[in-house]
S.K.: 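Could you have a look at this structure, given as C-alpha cells, before my questions?
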Amino acid sequence: MGVPAIEAEGLVRTFGNVTALDGIDLAVTEGTVFGLLGPNGAGKTTAIRILSTLLKPHAGRATVGGFDVLTQPAEVRRRIGLTGQYAAVDELLSGEENLYMIGRLLGVSSREARSRAGALLDRFDLADAASKLVKTYSGGMRRRLDLAASLVGRPPFLYLDEPTTGLDPRSRLDLWDLIRQLVAEGTTVLLTTQYLDEADRLADDIVVIDHGRVIAAGTPLDLKTRVGGQVLQAHPLDPADLAATEQILHQFAADGDGSHVEGQVVSVTIADRSALGHAVRKLDEAGIAVEDLSLRRPSLDEVFLAITGHTATEELENEQAQEGSNA
Amino acid sequence: MTVETTVLPGRPNVVGNTLTIARRNLLHIRANPEQLVEMTIQPLMFLVLFVYVFGGAIAGSSREYLQFALPGILVQGIAFTPFTTALGLNSDFTKGLIDRFRSLPIARSAVVGGRIAADGVRVVWSALIMTGFGVALGFRFGGGFAGAIGALILVTAFGITMCWPMAFIGVTARTPESVNTWGFMIILPLTFLSSAFVPIETMPGWLEALARVNPITAFIDATRGLMLGGAVATPVLKSIGWLVAITVLFSPLTIARYRNRI
Ligand SMILES: Nc1ncnc2c1ncn2[C@@H]1O[C@H](COP(=O)(O)OP(=O)(O)O)[C@@H](O)[C@H]1O
Ligand SMILES: [Mg+2]
C-alpha cells in the first residue's frame with residue numbers, strides 16, 4: 001500500500017475553551033470508504049471542515065491527494081466534493097439551475113454543464129423535479145441534490161458528513177447504494193456517521209472518535225469483535241418480574257458482561273444467537289409473561305461501553321429523537 | 001463518470017465566477033417576486049409621498065419641490081438597494097451555501113462580487129424607474145443629456161460602492177434581524193442628515209456641520225448639479241474621493257471576513 005490518499009496527523013482545533021479535536025490521526029486508502037464514527041459533538045464535522053480547507057487546524061497537518069490543506073488549499077479544493085451535514089443547496093433556484101451553476105463555477109462549458117446536470121438529476125431520481133424550485137423539495141430530495149452538487153466536478157475525493165441522518169429507512173438504503181456505486185467507480189469516500197450499522201455496511205476502515213480523540217480504529221469486523229455479539233432485550237409485562245427476568249437473562253451474558261436494567265427493559269450482550277430460544281423457554285418455565293423479547297445489533301452506546309467503559313452522552317439520544325421527528 | 005475520464009477543474013476565472021453568481025442572484029427575483037415590487041414600487045411610493053406630502057410646505061409647491069427633491073430621493077432610494085447584498089450573503093452563510101462555495105475551486109471574491117454585480121443591475125433599474133416616473137410627474141432636466149447620463153453613472157457607482165459596507169455587515173452579522181438593525185441604523189440617519197430633502201442651511205448649526213461632511217451630501221449635490229445644471233466640479237470630485245475611500249476600506253475587510261468566518 002502506498003501513501004494514504006487522505007492523511008491527517010495530530011489535528012488539533014479549539015473553539016474558545018472547547019477542544020473540538022484533540023490530536024487526531026487518520027489515514028484513508030485510495031478507492032475505499034473510510035468511516036469516522038462518533039456521537040454528536042465528537043468532532044466529526046470539525047475534522048471534515050479542516051480536510052475541506054474551510055477551517056484551519058491549530059496544530060497538526062493534513063494532506064489530500066498529497067496536497068497540504070494549509071499550504072496548497074486551492075489544489076485540495078480542485079479534488080474534493082463536500083456534502084455537509086445540512087443540505088447546502090440554493091432554495092430559490094431549481095434543482096437543474098443549482099447543478100448548472102456549480103458546473104459553470106467549475107469552469108465547465110455551458111453545454112457540458114447542462115449535460116452533467118441532466119445526467120446527475122437522472123441518476124439521483126430528481127429528473128421529474130428538475131425545473132421545480134428547491135424550496136418545494138422534500139428533505140430526502142434536498143439531500144440527494146446536495147450530494148449531486150458535490151459530484152458535478154467529478155471529484156476523486158468525496159466527503160459526506162452524516163449523509164443519512166434524518167432520512168427515512170428507504171432513502172437511507174438508496175443513498176448507501178449510490179455511495180457504493182461511486183466507490184466502484186474509483187471515488188475515495190470519507191464518511192461521518194453516528195450509526196454503527198452505517199459504518200459497518202459501508203466502510204472499509206473505521207475510526208471511532210469521542211471528545212476529539214480517537215478511541216478505536218480498525219475494520220468493522222475488528223470493532224464488532226471487540227464489542228461482542230448482539231443484545232438480547234426483554235420487557236416483562238409485570239414490573240414485579242423485573243428482578244427474576246434479569247436473573248434469567250444474566251445466565252446468557254457473554255464473558256465479562258453483565259445484564260442491565262433501564263426502565264422496564266432488561267438487556268444483555270449475548271455470546272451466541274441460540275440464547276434467544278433458551279431465554280424464551282426459561283422465562284416460560286418461570287411463568288414470566290413478556291411484552292417484548294428481541295435481539296438487536298449493538299447500539300453506538302454499547303460500542304462505547306465496550307471500548308471505553310462509559311456510554312456516549314445522553315445528548316446523543318435526545319438529538320436522534322429530535323432528528324427522527326423532523327424527518 | 002469513470003476515473004479515466006476525470007479532468008480536474010482548472011484555475012478559477014474571477015470574471016466568469018462573478019458573472020455566474022450574479023446570474024444566480026438575479027434568478028432569485030423569479031422565486032421572490034416581492035423583490036421586484038421592492039425595487040419598483042417602493043421608490044415610487046417614496047417619491048410620491050415626499051413630493052406631495054411635504055412639497056407644498058417645504059418649497060411652496062409640489063412641482064418646485066419635485067425639481068429639488070428628485071435627485072435626493074434617487075440617491076436615498078439607491079442607498080437602500082444594497083440591503084439585498086447584505087441579507088443575501090447573510091442567508092448564504094446561515095444556510096450553509098457559503099461552505100459549499102468556499103470548498104469549490106473558485107475565486108474567493110466571486111461570491112461577494114457576484115452579489116454586488118447583481119445589485120448593480122438592481123441599482124440601474126431603480127434609478128431608471130425613479131427618474132422616468134419623476135419626468136412623468138413633471139421633472140425637467142436642466143443639465144441636458146450629458147448631465148442626465150452623468151447622474152445615472154454617478155448614482156450607479158454610488159449604489160455599487162455602498163454594497164461593500166453593507167456586504168461587510170452581511171458577512172459579519174449572525175442573523176438577518178441584526179443585518180436589518182445595523183443597516184437601518186447606519187443608512188437611515190445618513191440619508192436624512194443630508195441635502196436630500198431640505199437645503200442644509202436650514203438646519204441648526206451643529207446638524208448643518210454634520211450634514212456637510214456626510215458623504216451622502218456630496219453624492220446628492222453632485223447628482224443634483226448634473227440633473228438640474230449647475231456647478232458640479234467640487235461635489236463630483238468629493239464623490240469620487242468617497243467612492244474610492246469606501247471601496248478601499250471595505251472591500252478587503254469584507255473579503256477577509258468572508259474567507260475566515262467560521
Ligand atoms: N463554530 C464553532 N464554534 C464553537 N464551537 C464549535 C464550533 N464548531 C464546533 N464546535 C464545538 O466543537 C465540538 C465538536 O463539534 P463538531 O465537530 O461539530 O462535532 P460532530 O460533528 O461530531 O457532532 C462540539 O463541542 C461543538 O460544540
Ligand atoms: Mg457534525
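Every chain is numbered from 1 and lettered A, B, ... according to where its sequence line falls, protein lines coming before strand lines. Side chains are part of it too, since the values below use all heavy atoms of this structure and drop only hydrogens, waters and symmetry mates.
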S.K.: Which pair of heavy atoms, one from Arg102(B) and one from Arg77(A), lies closest together, and at what distance?
M.R.: O-CD, 3.0 Å
S.K.: Using non-hydrogen atoms only, which part of Ala87(A) is less than 4.5 Å away from chain B: side chain, backbone, both, or neither?
M.R.: backbone
S.K.: First locate atom OG of Ser150(A), then atom CZ of Arg100(B), and finally report the distance between them rounded to the nearest 0.5 Å.
M.R.: 5.5 Å
S.K.: Under the side chain to side chain contact (heavy atoms under 4.5 Å, CB included) test against Pro105(B), which residue among Leu106(A), Ile80(A), Leu105(A) passes?
M.R.: Leu106(A)
S.K.: For residues Leu92(A) and Leu27(B), determine if any side-chain heavy atom of one lies less than 4.5 Å from a side-chain heavy atom of the other.
M.R.: no
S.K.: What's the separation between atom CD in Glu97(A) and atom CZ in Arg24(B), rounded to the nearest 0.5 Å?
M.R.: 11.5 Å
S.K.: Let's test your reading of the structure: which of Asn13(B), Ile98(B), Asp99(B), Asn260(B) forms the most heavy-atom pairs below 4.5 Å with chain A?
M.R.: Asp99(B)
S.K.: Heavy-atom pairs under 4.5 Å with chain B: which of Val108(A), Asn98(A), Val89(A), Thr83(A) has the most?
M.R.: Val89(A)
S.K.: Counting only non-hydrogen atoms closer than 4.5 Å, does Tyr159(A) touch chain B with its backbone (N, CA, C, O), its side chain (CB onward), both, or neither?
M.R.: neither
S.K.: In Å and rounded to the nearest 0.5 Å, what is the CG to CD1 distance from Leu54(A) to Ile262(B)?
M.R.: 11.0 Å
S.K.: Nearest 0.5 Å, please: how far is CG in Leu51(A) from OG in Ser103(B)?
M.R.: 12.5 Å
S.K.: As an exercise, state the distance from CG of Leu93(A) to CZ of Arg30(B), rounded to the nearest 0.5 Å.
M.R.: 6.5 Å
S.K.: Contact part of Arg108(B) toward chain A, heavy-atom cut-off under 4.5 Å: side chain, backbone, both or neither?
M.R.: side chain
S.K.: Search all heavy atoms of Ala88(A) against all heavy atoms of Gly96(B) and return the closest pair with its distance.
M.R.: CB-O, 3.3 Å
S.K.: Only one of Asp92(B), Asn25(B), Leu97(B) clears side chain to side chain contact (heavy atoms under 4.5 Å, CB included) with Asp90(A); which?
M.R.: Leu97(B)
S.K.: If I measure from the heavy atoms of chain B, does Arg49(A) come under 4.5 Å with its side chain, its backbone, both, or neither?
M.R.: side chain
S.K.: Would one find more than 12 heavy atoms of other residues, nucleotides or ligands at under 6.0 Å from atom CH2 of Trp125(B)?
M.R.: no
S.K.: Say you draw a straight line from CZ of Arg154(A) to CG of Leu8(B); how long is it, rounded to the nearest 0.5 Å?
M.R.: 12.0 Å
S.K.: Heavy atoms only, distances under 4.5 angstrom: which of Arg104(A), Glu91(A), Met101(A) has the most pairs with chain B? Name it, please.
M.R.: Met101(A)
